[in-house]
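For reference, the structure is listed below as structure tokens.
Basis for what follows: all heavy atoms, side chains included, without hydrogens, waters or symmetry-related copies. Since we're looking at a predicted model, the values are computed, not measured.
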Amino acid sequence: MINMKFRFRSKDWHNLLVPEFTINAIYIEDRMVRVFCFDKEINRVIKAKKYALPKGIIEEGILKQPDQLKAFLDSLNKKLWSKEKNVWVVLALPSANFFTNILNLPDLDKDRFYEAVIFNTQMIAPISLEEAYFDWEDWGSLNVNGEKEAFIALGIKKQIDPYLDVLNETGFSVVAVEPLALSLARFNNEFIEKQDPVLIIDLRSEGIEFIITEGKKIIYFDFDSWQEIFGKKVPKAITLEFLKKHISKEMPMLLNFYSLKRKQIIQKFIFLSFDAKLANALIQWIYVQYQLSPLEIKLPLNLSRVGRDWFGVIGAAMRGIIPRNQDTIVSLAPVGTEKSYEQHHLLRIVSLWSKSIITVFSILVLLLGVISNTFFNNIENQYQKAVAKPLDQKTIEKETVLEQEVEEFNNLVVKIAQAQKYEKNWQEILEEIFNSANSSSINLKRVLFSASPANNITIQGQSSTKESIVKFRDTLGLSGLFIDISLPLSALVETSDGVTFSLSLQI
């Protein structure tokens, strides 16, 4: 992962110097695809679309017909993003593709705490870490026993990869993957309840999901599909009486589980459904049956008309407006997704500011041209008149100063002309560095630029072997873009994680 962070004290300056890409949210369920996007602020919505999927493409959250989904998403991309080269998305998927848990660990130093998280995850994970995308968060809260909490999440690779392959092939670039339950927890924390525990019951066309949250934290989630409940004999219509029966079976276990695990009780709930009439009936029944209070939902004006079945994809879209260097939420996707975003982001910054610099220099050239036609021509006329007269010592000194000023001006014009060629070189140079690093299995940490005394680039990174670092140096040398490449032996440092290095380039 490339560690390039541009930080400024002023938020406005940060947004100006490091413009973020617009990131959409896509939620894919068995029979529906939803798209939602904020224009970098919650009060500005630029996309809210939903499209039905034919039956059988996705079953119980698992992609069964990738070619059919590929054709659908290709058409969707051309329809909604016809003018965009890269469509960046946060992908929310059904919970059947994920596992989560909470670890209670001693308050250790950073490295030992990380090792404890990995060890304990391996002990309790239902699949091996090699078969999963794994991520975790340090919640940092200490319980009564002086232990810290770590939230762990695993995504099943063989079920997530088909989605990622289809999205990549149809022009989408995924920056994060998360379960729907996490998206709903984020929505609840932002708009409904930030502190107290909440039970979220999400009734969907393919089943019913129970989620317990504390603010934006997921404590528990479980999805029951209709196929899981009924087997092959799923009825055409799910009745109110059946839902009451199933909820009655699940509710005592959920409430008891939470009170034992968290030492407090749930008193509030939210019921989400595409069917408002059915939702209202069940909200009233749960209130009477279990003495849980339904939470009042008051959304901002620009979201006031959305149905409750949109809450999940809106929660995913909220992640899209978090600056990438501040997004520490678990993401169950390959590391390359974050790396790709950083590379495109850096190229965009270089392109934007090189164009700005060239524009400024071009204006200076025009101004200096005007000055030349007025000021220097006037001086030249005076000088020609003075030539006809005998020169005294004072005049000779003035002539010398004038010649120096003209020479300095000509040198400035040459430098400005050279600066106009700078933009093309940066694009080519950065792409060569990133591509050479990828082909040589190099993990870049920092890329530093210096314009003085020469145009130098310092690259700091890490690899598993010295041979791959030498290969990286040689590949850069073959590109013909660099005057000099320096990789002294003293810059190679072996550590427990591999070999770190510092390489200097002159362009």
Side-chain angles (χ1 to χ4, degrees), residues 1-2 23 25-30 33 53 56-70 72-73 87-103 114-115 117-137 150-183 185 206-207 209 218 220-223 225 227-228 312 316 319 324 327-343 438 441 443 464 497:
M1 185 182 299
I2 298 176
I23 299 178
I26 295 182
Y27 168 47
I28 304 177
E29 51 188 304
D30 284 14
V33 172
L53 278 178
I57 295 179
I58 300 171
E59 295 179 3
E60 299 188 65
I62 300 173
L63 180 56
K64 298 292 186 179
Q65 299 179 26
D67 290 341
Q68 296 294 322
L69 183 62
K70 179 180 177 181
F72 172 85
L73 290 176
V87 182
W88 302 96
V89 299
V90 172
L91 177 62
L93 291 175
S95 302
N97 299 288
F98 306 94
F99 302 100
T100 66
N101 209 328
I102 300 171
L103 301 177
Y114 171 75
E115 292 172 358
V117 169
I118 300 299
F119 176 78
N120 283 272
T121 301
Q122 291 173 330
M123 296 295 292
I124 65 173
I127 59 176
S128 68
L129 294 188
E130 290 74 18
E131 298 174 323
Y133 293 119
F134 167 65
D135 204 355
W136 65 284
E137 288 181 48
F151 174 71
I152 62 171
L154 296 95
I156 305 171
K157 278 187 179 180
K158 67 180 182 181
Q159 295 175 197
I160 294 175
D161 281 345
Y163 286 105
L164 297 179
D165 292 341
V166 168
L167 286 162
N168 289 333
E169 291 169 6
T170 51
F172 295 93
S173 299
V174 178
V175 300
V177 177
E178 66 182 25
L180 176 69
L182 186 58
S183 304
E206 64 268 23
E209 185 163 12
I218 297 178
Y220 172 89
F221 70 85
D222 179 52
F223 175 71
S225 67
Q227 288 85 354
E228 182 182 347
R319 182 170 187 169
R324 293 298 85 206
D327 184 357
T328 59
I329 306 165
V330 294
S331 174
L332 302 171
V335 174
T337 58
E338 300 173 4
K339 186 175 182 180
S340 175
Y341 181 91
E342 291 289 350
Q343 290 179 359
N438 287 335
S441 301
N443 183 11
S464 57
D497 295 327

Original post:
Say you draw a straight line from CD1 of I102 to OH of Y220; how long is it, rounded to the nearest 0.5 Å?
Top reply: 12.5 Å

Original post:
In a check of side chain to side chain contact (heavy atoms under 4.5 Å, CB included) between Y133 and each of V330, I160, V177, which one passes?
Top reply: I160

Original post:
Under the 3.5 angstrom rule, does the side chain of D135 hit a backbone N or O of S331 as a donor-acceptor pair?
Top reply: yes

Subject >> Reported CG-to-CZ distance for the pair L182 and R319, which is rounded to 0.5 angstrom >> reply: 6.5 Å

Subject >> Donor-acceptor under 3.5 Å (T100 side chain, I152 main chain) >> reply: no

Original post:
Which pair of non-hydrogen atoms, one from F134 and one from L154, has the smallest distance, and what is that distance?
Top reply: CD1-CG, 4.1 Å

Subject >> G56 versus K64, closest heavy-atom pair with distance >> reply: O-CB, 3.6 Å

Original post:
Looking only at heavy atoms, which two atoms of I28 and P94 are closest? And how far apart?
Top reply: O-CD, 3.1 Å

Subject >> Separation between CG of L93 and CD of Q159, rounded to the nearest 0.5 Å >> reply: 10.0 Å

Original post:
Taking it one step at a time, do V33 and F72 satisfy side chain to side chain contact (heavy atoms under 4.5 Å, CB included)?
Top reply: CA-CA 10 Å; V33 172; F72 172 85; 3.7 Å; yes

**OP:** Could you tell me whether a side-chain N or O of N97 sits under 3.5 Å from a main-chain N or O of I156, the two making a donor and an acceptor?
**Re:** no

Subject >> Atom of E29, atom of L53 and distance for their closest heavy-atom approach >> reply: O-CD1, 3.8 Å

Original post:
How long is the gap from CG on L332 to CD on E178, to the nearest 0.5 Å?
Top reply: 9.0 Å

Subject >> Nearest-0.5 Å distance, CD of residue Q122 to CD of residue E130 >> reply: 7.5 Å

Original post:
Got a second to check how far D165's CG is from L63's CG, nearest 0.5 Å?
Top reply: 9.5 Å

**OP:** Please examine the side chains of I26 and F172, heavy atoms only from C-beta on, and report whether any two atoms are closer than 4.5 Å.
**Re:** yes

Original post:
Is the shortest side-chain N to carboxylate O distance from R324 to D327 below 4.0 Å?
Top reply: yes

**OP:** Kindly give the heavy-atom pair with the smallest separation between G155 and F98, and that separation in Å.
**Re:** CA-CD2, 3.8 Å

**OP:** Check L91 against Y163 and note the closest heavy-atom contact, atom names and distance.
**Re:** CD2-CB, 4.3 Å

**OP:** Before giving the answer on side chain to side chain contact (heavy atoms under 4.5 Å, CB included), spell out for E228 and F223 the whole-Å C-alpha distance, their side-chain angles and the decisive distance to 0.1 Å.
**Re:** CA-CA 10 Å; E228 182 182 347; F223 175 71; 5.7 Å; no

**OP:** Start with the C-alpha distance between T170 and L69, add both sets of side-chain angles, then the distance that settles side chain to side chain contact (heavy atoms under 4.5 Å, CB included), and finish with yes or no.
**Re:** CA-CA 10 Å; T170 51; L69 183 62; over 6 Å; no

